[in-house]
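The structure appears below as structure tokens.
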Amino acid sequence: MTVLVFGHSGQVATELRRLAAQRTPPVPVVALGRARADLMEPGACAAAIRAHAPCAVINAAAYTGVDRAEAEAPQAIRLNAEAPAVMARACAARDIPFVHISTDYVFDGAGHAPFAPGDPTAPLGVYGRSKRAGEVAVQEIMDTARKTGAGPGRYAILRSSWVFSAHGANFVKTMLRLSEQRDHIRVVADQIGGPTPARAIAAACLDIAGHLARDPSAAGLYHFSGTPEVSWAGFARAIFAAAGRQVTVEDIPSAAYPTPAARPLNSRLDCSRTTQVFGLSRPEWRRDLTPLLAELDLPTGALT
Ligand SMILES: NC(=O)C1=CN([C@@H]2O[C@H](COP(=O)(O)OP(=O)(O)OC[C@H]3O[C@@H](n4cnc5c(N)ncnc54)[C@H](OP(=O)(O)O)[C@@H]3O)[C@@H](O)[C@H]2O)C=CC1
Ligand SMILES: Cc1cn([C@H]2C[C@H](O)[C@@H](COP(=O)(O)OP(=O)(O)O[C@H]3O[C@@H](C)C(=O)[C@@H](O)[C@H]3O)O2)c(=O)[nH]c1=O
Ligand SMILES: [Mg+2]
């Protein structure tokens, strides 16, 4: 039976398609980009779930423009909150496992301790608020299904952070592009988080969907981010080292890099529950840099 993925050309959706094809036996996947299911019309999601009758649904589609969202709140809310709610309702009614991806940006980033899934949220911007609204909607719908006996409410919300891959827009590709134009780049050093390969998120989503199909008691909110934690500046240095680029990275505070949306200073996620329940260990992001450069057809440096 088919796994239905919302999103087609995004970072995680692309890796889901690739990974599913590589599994033995291959996992049949239908991935719907916006041309085939426009999340701005959430009804399209329900129609797609009805039409494909999948064995699992993975939502890898979202409004991910953090700064742009500040000026486009209605669109961000439609994509990140209303569409996932419609998906959750359709899945709950048919007892289809539903995996939804969320973000570290639901937190305000106070303190230095890793955030656990149950910690209070306090998003700093529209993107984070819209993603949090999506989490709340999915949880309420699934909890109601369970309480009313309508179904077991098989769902997982997987919060990740700082996603990168060879596809789509991400910090790694931005840094590589900038290094073609400059030999000195200023990067914030006071925001700390776990860069996460999209490939690892895709693998986690497939594993979690399978687990939920067997065991609905695993339903809930989970964290999954790469290790070790690093600042954006430290991440930039690692990218340039892997690519053998002679670029100096200057550490700057967030205040020296003003953006429409504020970012959390502390994006550390406590992923221990994900390891306990699903046996998934945190991906070591450094390992993915060299294969990513190869995928982009770029030379690699001597340091990797
Ligand atoms: N990027 C990051 O750093 C992080 C991302 N996340 C979360 O991970 C998930 C995946 O993110 P990522 O892979 O980076 O996303 P991308 O920004 O790479 O891709 C966005 C995806 O959303 C789809 N999409 C956008 N608008 C619409 C629309 N109107 N209708 C239907 N589909 C639409 C795109 O469709 P199409 O295929 O047609 O282009 C694409 O597949 C999201 O939930 C995101 O919030 C969490 C933490 C960090
Ligand atoms: C390009 C650039 C960025 N920065 C800073 C800005 C910002 O604080 C940080 C990262 O910039 P980006 O715009 O790539 O990152 P951003 O879009 O905020 O990335 C976020 O995307 C969403 C979707 C998520 O869910 C988050 O987990 C996170 O990955 O680096 C610099 O300091 N110097 C630079 O030259
Ligand atoms: Mg961005």
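Index from 1, following the sequence. Numbering of ligands and ligand atoms starts at 1, following listing order.
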Any donor-acceptor N/O pair, Ser254 side chain to Val188 backbone, under 3.5 Å:
no
Any donor-acceptor pair under 3.5 Å linking the side chain of Asp190 with the backbone of Pro253?
no
Under a 4.0 angstrom heavy-atom cut-off, which atoms of ligand 2 come close to [X]?
X	value
Asp104	26 (C), 27 (O)
Ser161	27 (O)
Thr103	24 (C), 25 (O), 26 (C), 27 (O)
Thr174	1 (C)

For Phe224, the ring pair (Phe, Tyr, Trp, His ring centres under 6.0 Å) test, sequence neighbours excluded, returns none
Partner set under ring pair (Phe, Tyr, Trp, His ring centres under 6.0 Å) for Tyr105, not counting sequence neighbours
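With neighbours one apart ignored, the set is empty.
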Evaluate Arg182 for polar contact with ligand 2, using N/O atom pairs at a separation under 3.5 Å.
no
I'd like to check whether Ser160 has a polar contact with ligand 2, where a contact means an N/O of the residue lying under 3.5 Å from an N/O of the ligand.
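No; the residue has no nitrogen or oxygen that sits under 3.5 Å from a nitrogen or oxygen of the ligand.
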May I ask you to identify, for [X], whether its side chain, its backbone, both or neither come under 4.0 Å of ligand 2 on a heavy-atom basis?
X	value
Trp162	both
Val188	both
Arg186	backbone

Lining ligand 1 at under 4.0 Å, by non-hydrogen atom distance, are residues Gly7, His8, Ser9, Gly10, Gln11, Val12, Gly33, Arg34, Ala37, Asp38, Leu39, Met40, Ala60, Ala61, Ala62, Thr64, Leu79, Ile101, Ser102, Thr103, Tyr127, Lys131, Ser160, Ser161, Trp162, Val163
Closest to atom 35 (O) of ligand 2 by heavy-atom distance, out of Leu178, Asp67, Asp190, Asp251, is Leu178
The option among Tyr257, Phe171, Tyr127 carrying the non-hydrogen atom nearest to atom 30 (O) of ligand 2 is Phe171
Identify the heavy atoms of Met175 and Ala236 that sit nearest to each other, and give their distance.
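Reported closest heavy-atom pair: SD-CB, 4.0 Å.
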So is Arg68 actually on top of Tyr63's ring, under 6.0 Å and inside 45° of the axis?
yes
Check for me whether the distance between the ring centres of Phe107 and His223 falls short of 6.0 Å.
yes
Does the ring centre of Trp232 sit less than 6.0 Å away from the ring centre of Trp162?
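Ring centroids of Trp162 and Trp232 are less than 6.0 Å from each other.
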Between His52 and Thr2, is the side-chain hydrogen bond (donor to acceptor under 3.5 Å, both in side chains) condition met? List the steps.
CA-CA 8 Å; His52 291 278; Thr2 303; over 6 Å; no
Lys/Arg-Asp/Glu bridge criterion (N-O < 4.0 Å) met for Glu140, Lys147
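No, no charged N to carboxylate O under 4.0 Å.
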Would you please determine whether Thr259 falls within less than 4.0 Å of ligand 2 on a heavy-atom basis?
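Heavy atoms of Thr259 never come under 4.0 Å of ligand 2.
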Would you be so kind as to tabulate the donor-acceptor pairs closer than 3.5 Å made by side chains of residues 208-218, with sequence neighbours excluded?
from	atom 1	to	atom 2	distance (Å)
Arg214	NH1	Gly210	O	3.4
Asp215	OD1	Ser217	N	3.0
Asp215	OD1	Ser217	OG	2.5
Asp215	OD2	Ser217	OG	3.3

In terms of relative ring orientation, are Phe171 and Phe235 parallel, tilted or perpendicular, with 30° and 60° separating the classes?
parallel
